[in-house]
Novice: 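Before I ask anything, here is the structure I am working with.
Computed from a predicted model, the values in this text were never measured in an experiment.
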Amino acid sequence: MYEHDVLVIGGGLAGMRAAFTASQNGVDVAVVSKVYPVRSHSNAAQGGINAALTDRGDKWEDHGYDTVKGSDYLADQDAIEIMCREAGDEVISMEHMGVIFNRDEEGKLGVRSFGGQRQARTFFVADFTGQALLHVLHEQILKLGVRVYEEWFVLSLIMEDSECVGAVVMEMKSGDIHVIRAKAVIIAAGGLGRVFEPSTNALICTGDGMALAYQVGAPLMDMEMVQYHPTTLKSNGALLSEAARGEGAYLLNSEGDRFMEKYAPNMMELASRDVVSRSEQTEINEGRGVDGCVLLDVRHLGEKLINEKLGQIRQLGIDFADADMAHEPVPIRPGMHYQMGGIKTDVDGRTNVPGLYAAGETACVSVHGGNRLGANSLLDTLVFGRRSGQHATDYVKSKQYANIDDSAANGDKTRLQSILDRDSGTELFGAVRREHGETMNSHLAVYRDQTGMETAFEKLKELRIRNDKVIVHDKGKVFNTNLIFTLELSFMLDCAEAIILGALERKESRGAHTRTDMPDRDDENWLKHILISRTNDGETAVDYLPVKITQWEPQIRSY
Ligand SMILES: Cc1cc2nc3c(=O)[nH]c(=O)nc-3n(C[C@H](O)[C@H](O)[C@H](O)COP(=O)(O)OP(=O)(O)OC[C@H]3O[C@@H](n4cnc5c(N)ncnc54)[C@H](O)[C@@H]3O)c2cc1C
């Protein structure tokens with residue numbers, strides 16, 4: 001058995017920011033990650049990170065208002081105030097740690113425009129901001145001597161007297177299963193993109209963290225709020241960053257019109273993501289699309305700017321859509337991108353389970369509500385990663401280790417062996433995973449309705465039965481990815497359950513949750529969070545929480 005004061009599950013930006021803070025505060029902290037930390041999905045973040053810096057006349061209150069409006073008034077405003085107030089210091093401290101942000105003509109930190117914001121406040125490193133932040137934080141935690149269990153896969157959380165006291169983890173290299181005892185556990189295991197197919201997310205984004213928390217009774221909040229990004233490639237769902245529209249790209253329909261004029265005359269292509277995705281889908285549904293897509297046109301920006309600031313996405317277009325954006329428009333469409341919901345936490349990362357914290361995309365503070373603004377997620381990971389690391393440090397100082405031993409892993413050992421022992425049948429994880437993802441994409445995408453969501457729920461029940469019969473052909477212990485993928489599939493099914501239940505529950509349209517059968521926002525009845533949890537007897541429960549409103553009363557939302 002291993003032990004650490006604080007165990008962080010996840011080596012992405014949220015996890016490493018939490019670990020950095022806890023380690024700096026002098027507690028023994030370890031990070032466990034199923035991939036080498038710099039391969040975490042934060043690496044894929046392209047466009048940038050938001051902060052309102054006063055030296056350019058920006059105000060955190062303006063950033064706060066844009067975020068509240070972007071969320072369609074579902075986000076908690078106390079959490080937004082904290083995030084926006086602390087954003088400037090967070091960006092500057094990342095710069096001091098070594099992130100080389102792009103500069104403007106005067107040599108100051110450069111900014112670009114992002115959707116749903118009235119001011120350019122997105123700081124960036126070309127179109128690989130996440131990678132730059134991630135590598136610097138990785139260096140920093142190594143410098144502090146944080147223990148990193150890399151390529152270790154968390155199987156379950158350990159509970160004792162209703163408190164979280166550690167995790168059961170598989171070392172993928174050997175297949176050995178270990179207990180890691182901890183006084184506090186911070187889940188920073190990222191998003192669940194691959195619950196949908198296709199998705200802009202990496203194959204590793206399977207919602208493990210949300211499912212782990214759900215399985216020990218922590219509520220998941222705002223799960224019905226799934227963001228479809230307006231600019232993804234048809235061929236494989238890869239993202240072309242909002243940075244393109246931030247730099248001035250046009251969206252065109254088959255008639256060559258900049259159709260956003262109709263839907264968001266003030267903000268045009270830079271309206272918030274839910275608005276742009278709905279507009280695109282409407283154009284496509286009404287016959288003004290191009291082969292199921294609309295067109296992203298950057299030609300007028302010139303090849304020099306495209307190469308300097310959008311080089312990576314130009315290459316993505318060439319590689320996966322056979323279209324060079326410097327010379328022709330690229331076909332794009334809305335695609336699953338981000339989960340606004342997650343494990344319900346307070347502003348210090350605390351969940352409803354003592355000893356259990358969550359931060360980053362896996363968590364729901366909630367600063368994104370019904371729709372996240374581009375470049376607010378990296379900010380969320382850093383601000384609330386740091387705050388979780390800080391609070392967990394204070395929490396463990398007065399805690400003793402729980403009285404557990406290696407036998408805490410027995411349940412998982414038996415479970416895994418029973419999966420490996422299945423030797424008849426033909427069900428493979430890949431087929432179940434694909435059908436599952438495609439079902440979610442068919443019925444819980446940009447537009448939804450009761451019948452579609454009920455169909456998805458019925459399909460989910462069938463897929464659960466099939467999941468219990470999945471055959472793992474590799475019976476070995478060393479890097480048994482066949483087994484890992486099968487375990488991830490179970491996590492994904494739990495996440496899907498919470499998404500569909502939340503979506504069926506919300507009887508209105510708000511943010512990313514747009515119902516064709518209930519098209520209006522209904523503040524009177526639905527200005528509240530929906531929480532889905534699993535009870536001790538394995539049933540699901542639905543609960544509500546009021547939205548915290550501090551200074552921005554809900555208004556009609558237009559861009
Ligand atoms: C293509 C793309 C571009 C984006 N661009 C931007 C942008 O420009 N600006 C912005 O603000 N946001 C952007 N986002 C969103 C943002 O990148 C993510 O929301 C954010 O990086 C998530 O960080 P995280 O630390 O929460 O999780 P991640 O970086 O996904 O890290 C999750 C960690 O958890 C570990 N883990 C998961 N499950 C287990 C398990 N069972 N056992 C052990 N370890 C586990 C993983 O190994 C990983 O280390 C983008 C997203 C995508 C998909």
Side-chain angles (χ1 to χ4, degrees), residues 38-48 100 102 110 112-115 122 124-135 193-194 196-205 227-260 269-270 273 276-277 280-281 283-284 288-338 374-375 441:
V38 293
R39 296 183 73 91
S40 299
H41 191 59
S42 294
N43 196 46
Q46 300 169 345
I100 304 174
N102 273 49
R112 61 166 45 125
S113 299
F114 248 57
T122 304
F124 63 101
V125 184
D127 50 5
F128 46 85
T129 312
Q131 184 181 342
L133 294 166
L134 197 64
H135 279 255
R194 286 291 162 173
F196 291 71
E197 205 57 58
S199 162
T200 62
N201 288 201
L203 291 171
I204 55 172
C205 297
Q227 181 163 79
Y228 271 64
H229 192 288
T231 55
T232 72
L233 289 177
K234 183 179 180 187
S235 54
N236 63 354
L239 179 80
L240 296 190
S241 168
E242 192 162 299
R245 281 172 292 135
E247 297 296 341
Y250 300 150
L251 289 172
L252 306 176
N253 62 17
S254 59
E255 290 155 20
D257 294 333
R258 282 180 74 187
F259 56 85
M260 285 309 297
E269 284 85 356
L270 282 179
R273 288 179 177 172
V276 181
S277 286
E280 289 180 357
Q281 198 60 53
E283 291 296 299
I284 295 165
R288 292 181 297 279
V290 180
D291 194 19
C293 293
V294 291
L295 300 171
L296 180 77
D297 192 357
V298 295
R299 287 172 297 177
H300 55 286
L301 301 178
E303 199 161 350
K304 182 168 179 292
L305 184 143
I306 294 170
N307 284 341
E308 276 173 16
K309 294 189 173 165
L310 305 171
Q312 191 185 115
I313 61 177
R314 178 182 183 186
Q315 198 58 46
L316 279 171
I318 294 170
D319 290 344
F320 296 114
D322 200 21
D324 181 350
M325 58 171 61
H327 305 297
E328 62 198 302
V330 183
I332 48 87
R333 64 179 179 180
M336 191 284 169
H337 181 59
Y338 185 82
N441 194 45

Novice: Quick one, Thr232 and Leu240 - any side-chain contact, counting heavy atoms below 4.5 Å?
Specialist: no
Novice: Using the test side chain to side chain donor-acceptor pair (under 3.5 Å), find all partners of Thr122 that sit at least two apart in sequence or belong to another chain.
Specialist: Asn50
Novice: Is there a side-chain contact between Arg314 and Asn307, using heavy atoms and a 4.5 Å cut-off?
Specialist: yes
Novice: Counting only heavy atoms not in Arg288, do more than 12 sit closer than 6.0 Å to its CZ atom?
Specialist: yes
Novice: Can you tell me how far CG of Leu134 sits from NE2 of His41, rounded to the nearest 0.5 angstrom?
Specialist: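 If we round to the nearest 0.5 Å, His41:NE2 and Leu134:CG are 11.5 Å apart.
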Novice: Do Pro198 and Asn441 come close enough that some side-chain heavy atom pair is under 4.5 Å?
Specialist: yes
Novice: Is there side-chain contact between Leu251 and Leu296, with at least one heavy-atom pair below 4.5 Å?
Specialist: yes
Novice: Could you tell me if the side chain of Leu239 sits less than 4.5 Å from the side chain of Leu233, heavy atoms only?
Specialist: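 Not in contact.
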Novice: Using only heavy-atom distances, determine whether the side chains of Asn253 and Glu283 contain a donor-acceptor pair under 3.5 Å.
Specialist: yes
Novice: Should Asn43 and His135 count as side-chain neighbours, where that means a heavy-atom distance under 4.5 Å?
Specialist: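 They are in contact (side-chain heavy atoms under 4.5 Å apart), so the answer is yes.
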Novice: Look up atom OH in Tyr338 and atom CG in Asn201, then write down how far apart they are to the nearest 0.5 Å.
Specialist: 10.0 Å
Novice: Working to the nearest 0.5 angstrom, can you tell me the gap between Asp127 CG and Gln315 CD?
Specialist: 11.0 Å
Novice: Find out whether Asp297 and Arg258 are in side-chain contact, i.e. whether some heavy atom of one side chain is under 4.5 Å from a heavy atom of the other.
Specialist: no
Novice: List, one per line, each side-chain donor-acceptor pair under 3.5 Å for residues 327-335, sequence neighbours excluded.
Specialist:
residue : atom : partner : partner atom : Å
Glu328  : OE2  : Asp324  : N            : 3.0
Arg333  : NH2  : Lys234  : O            : 3.4

Novice: Do any pairs count as a salt bridge (Lys or Arg N to Asp or Glu O under 4.0 Å) and have a residue in residues 235-246, sequence neighbours left out, and if so which ones?
Specialist: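 For residues 235-246: Glu242-Arg245, Glu242-Arg273.
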Novice: With sequence neighbours left out, what residues match Ser241 under side chain to side chain contact (heavy atoms under 4.5 Å, CB included)?
Specialist: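 Only Gln46, Phe114, Ala243, Ile313 meet the side chain to side chain contact (heavy atoms under 4.5 Å, CB included) criterion with Ser241.
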Novice: Quick one: side chain to side chain contact (heavy atoms under 4.5 Å, CB included) partners of Glu247, sequence neighbours excluded?
Specialist: Arg112, Leu301, Leu305, Lys309, Leu310
Novice: Quick one: ring pair (Phe, Tyr, Trp, His ring centres under 6.0 Å) pairs with a partner in residues 227-259, sequence neighbours left out?
Specialist: His229-His337, Tyr250-His300
